[in-house]
Amino acid sequence: MAHVVILGAGTGGMPAAYEMKAELGKKHDVTVINSLEYFQFVPSNPWVGVGWRKRKDITFPIAPYLKKKKIEFIHATVTRIEADKNRLVLHTGNTVDYDYLLIATGPKLAFDEVPGTGPNNGFTHSICTVNHAEKAYEGYQELLDNPGEVIIGAVQGASCFGPAYEYVTNVDTFLSKAKRRDKIPMTYVTSEPYIGHLGLGGVGDTKGMLESELRHRHINWITNAKIIKVEQGKMFIDEHNDNGEVIKQHEKAFNFSMMLPAFKGVDPVAEVKGLCNPRGFVIVDDYQRNPTYPNIYAAGVCIAIPPVEATPIPTGTPKTGYMIESMVTAIVHNIRNEINGEKPAETGTWNAICLADMGDIGAAFVAMPQIPPRNLTWAKKGKWVHIAKIAFEKYFIRKMKKGSSEPLYEKYVLEAMGIKRLK
């Protein structure tokens, strides 16, 4: 009997647990360890940040749903991974042994890399967690009573730009509905070299599409931006040219700001010698295995993927839902093969698919593969994307409660877009 431990219960870890148990059956044990006792559907956080969703709409307790599928759940924080002993040490002092470990922790939010950022010890909000998004909504409500400049965007080293575009357009939409937009100037500040880069070198005409959208909404922007520091109500920004030279220094006052941080690997993972790159992201081979510890697999935001291209201000590469889904499926099949005495044979489909909601309409992007040159680039905008993301949210949460291992992106999202799967 093999014991497979999944570290993390987010949009990668929960599907991995269901798919792993469905594949391995009763003969093998599957355990999920997570520092939170609830699942949160992170893609809906921009909606929480404007009050369109509440915590209860996008979270649910993990334990009862995993129990229905005979999957053990441990609500604990892992403080150390003893990879040479195949053992995890928990904050309680207890240990958990594993035969195979799947790391799906998501990232550590590196607010400390830019002084003054972050919702806890800084002056900017975040929508990276449901707790952060709730606090951002409180700030948004204060903005309604005290109108002033808004700055939304992503700092240097950030890799997930979609939520920043979602949030800036959602805030615009909801301010307009509240009849406050005319009193509130808005600026999008980003480390991207141009609007619509997305950490992917652009997808089709995302540059023109998103520039047009921001212009239509009267949202100004600063690209190639490096945030030097943030103080109460003031952000210090160095704007660079394509050669990385500072061409303008901004001191922008604001009443409300949400800035996405750069990501790093979580501490207990980053501290394992030979497991990670210098940023703490897990190094994996084509089969999602770590070369140093081949019984450790990883999927999602926590893995090391090089930037798509060099940019004047550092930008990372996003790990989108379809990519994570394909990584998880590959890992499940490879662990099954190893348990059965066979070699890993499955590889993930590293394509980028994103549904970005803008409050009243939305934009959909597809890059296959994510790194140019590509077999397919596809970008569309319309009301249907807004509706599609709502449907996707509801279906994904229902799937997680049901314990289904059915692939979601390939079966529904791509079909809805009229796109065939490309390997």
Side-chain angles (χ1 to χ4, degrees), residues 7-8 10 12-13 35 77-85 87-89 101-118 121-122 126 128-129 154-161 164 190-193 197-201 224-229 238 240 244 259-320 323-324 327 331 348 350 352 369-371:
L7 182 53
S35 59
T77 299
V78 172
T79 58
R80 189 167 71 254
I81 299 176
E82 297 178 345
D84 56 335
K85 299 178 182 178
R87 180 186 303 160
L88 304 175
V89 180
L101 175 65
L102 197 174
I103 300 174
T105 57
K108 176 182 179 179
L109 307 176
F111 293 114
D112 60 308
E113 294 184 340
V114 182
T117 59
N121 300 311
S126 160
C128 293
T129 70
V155 309
Q156 55 270 23
S159 58
C160 193
F161 297 95
T190 179
S191 54
E192 298 163 273
H197 181 276
L198 300 169
L200 294 168
N224 275 331
K226 181 178 182 181
I227 313 303
I228 303 304
K229 64 178 180 178
D238 280 359
H240 297 69
M259 298 297 294
L260 295 179
F263 293 163
K264 297 175 69 175
V266 300
D267 290 342
V269 175
E271 291 165 359
V272 180
K273 186 177 180 180
L275 184 66
C276 301
N277 70 7
R279 292 288 295 177
F281 295 118
V282 181
I283 299 167
V284 295
D285 62 16
D286 291 342
Y287 306 108
Q288 304 295 139
R289 297 181 306 177
N290 178 254
T292 304
Y293 306 100
N295 66 333
I296 296 181
Y297 289 77
V301 180
C302 67
I303 75 165
I305 298 180
V308 168
E309 61 183 6
T311 53
I313 302 301
T315 57
T317 302
K319 291 98 172 183
T320 59
M323 187 189 305
I324 295 172
M327 290 180 194
I331 290 170
W350 283 25
Q370 69 166 6
I371 300 175

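Taking CD1 of Ile227 as the start and CE of Met259 as the end, the distance is 4.0 Å to the nearest 0.5 Å. How far CG of Leu198 is from OG1 of Thr320: 11.0 Å, rounded to the nearest 0.5 Å. Note that OG1 of Thr317 is 9.5 Å distant from CD of Glu309, once rounded to the nearest 0.5 Å. Interatomic distance, CD1 of Ile313 versus NE2 of His240, reported as 4.0 Å (0.5 Å rounding). Gln288 CD to Asp286 CG: the interatomic distance, rounded to the nearest 0.5 Å, is 8.5 Å.
By the 4.5 Å heavy-atom criterion applied to side chains, Arg289 and Ile296 are not counted as neighbours. Residues Ser126 and Phe111 form a side-chain contact, since some pair of their non-hydrogen atoms from C-beta on lies under 4.5 Å apart. With a 4.5 Å cut-off on side-chain heavy atoms, Ile81 and Glu271 do not count as touching. Between Pro261 and Thr117, every side-chain heavy-atom pair lies at or beyond the 4.5 Å cut-off. Counting heavy atoms from C-beta on, the side chains of Ile303 and Phe281 never come closer than 4.5 Å. The shortest distance between side-chain heavy atoms of Leu88 and Glu82 does not fall below 4.5 Å.
Scanning all heavy atoms of the two residues, the minimum distance from Tyr287 to Tyr297 falls at O-CE2, 3.4 Å. Across all non-hydrogen atoms, the minimal contact from Cys302 to Ala299 is SG-O, 3.3 Å. Taking every heavy atom of both residues into account, Arg279 and Lys264 meet most closely at NH2-CG, 3.2 Å. What you find for Cys160 and Leu260 is that their closest heavy atoms are O-CD1, 3.0 Å. Contact record, Thr77 with Ser35: OG1-CB, 3.5 Å, taken as the closest heavy-atom pair. What you find for Val78 and Pro268 is that their closest heavy atoms are O-CG, 3.3 Å.
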Practice item. Go through Cys276 and Val269 one step at a time and tell me if the side-chain contact (heavy atoms from CB on, under 4.5 Å) criterion holds. Key: CA-CA 8 Å; Cys276 301; Val269 175; 3.7 Å; yes
Practice item. Decide side-chain contact (heavy atoms from CB on, under 4.5 Å) for Ser159 and Phe263; before the verdict, give the C-alpha distance in whole Å, the side-chain angles of both, and the deciding distance to 0.1 Å. Key: CA-CA 7 Å; Ser159 58; Phe263 293 163; 3.6 Å; yes
Practice item. Kindly indicate, with the supporting measurements, whether the criterion side-chain contact (heavy atoms from CB on, under 4.5 Å) is fulfilled by Phe161 and Ser191. Key: CA-CA 10 Å; Phe161 297 95; Ser191 54; 3.7 Å; yes
**Study point:** From CA spacing to verdict: side-chain contact (heavy atoms from CB on, under 4.5 Å), Thr292, Leu275
**Key:** CA-CA 7 Å; Thr292 304; Leu275 184 66; over 6 Å; no
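Scanning for salt bridge (Lys or Arg N to Asp or Glu O under 4.0 Å) contacts around Asp84 gives an empty result, with sequence neighbours left out. Every residue was checked against the side-chain hydrogen bond (donor to acceptor under 3.5 Å, both in side chains) condition with Gln370, not counting sequence neighbours, and none meets it.
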Could you pull out all donor-acceptor pairs under 3.5 Å where a side-chain atom in residues 101-108 meets a protein atom, sequence neighbours excluded?
{"from": "Lys108", "atom 1": "NZ", "to": "Asp267", "atom 2": "OD1", "distance (Å)": "3.1"}

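Ion pair Glu113/Lys229 not flagged as a salt bridge, since none of the NZ, NE, NH1 or NH2 atoms sits closer than 4.0 Å to an Asp/Glu carboxylate oxygen.
The backbone N or O of Glu192 lies less than 3.5 Å from no partner atom in the side chain of His197, so there is not a single donor-acceptor pair.
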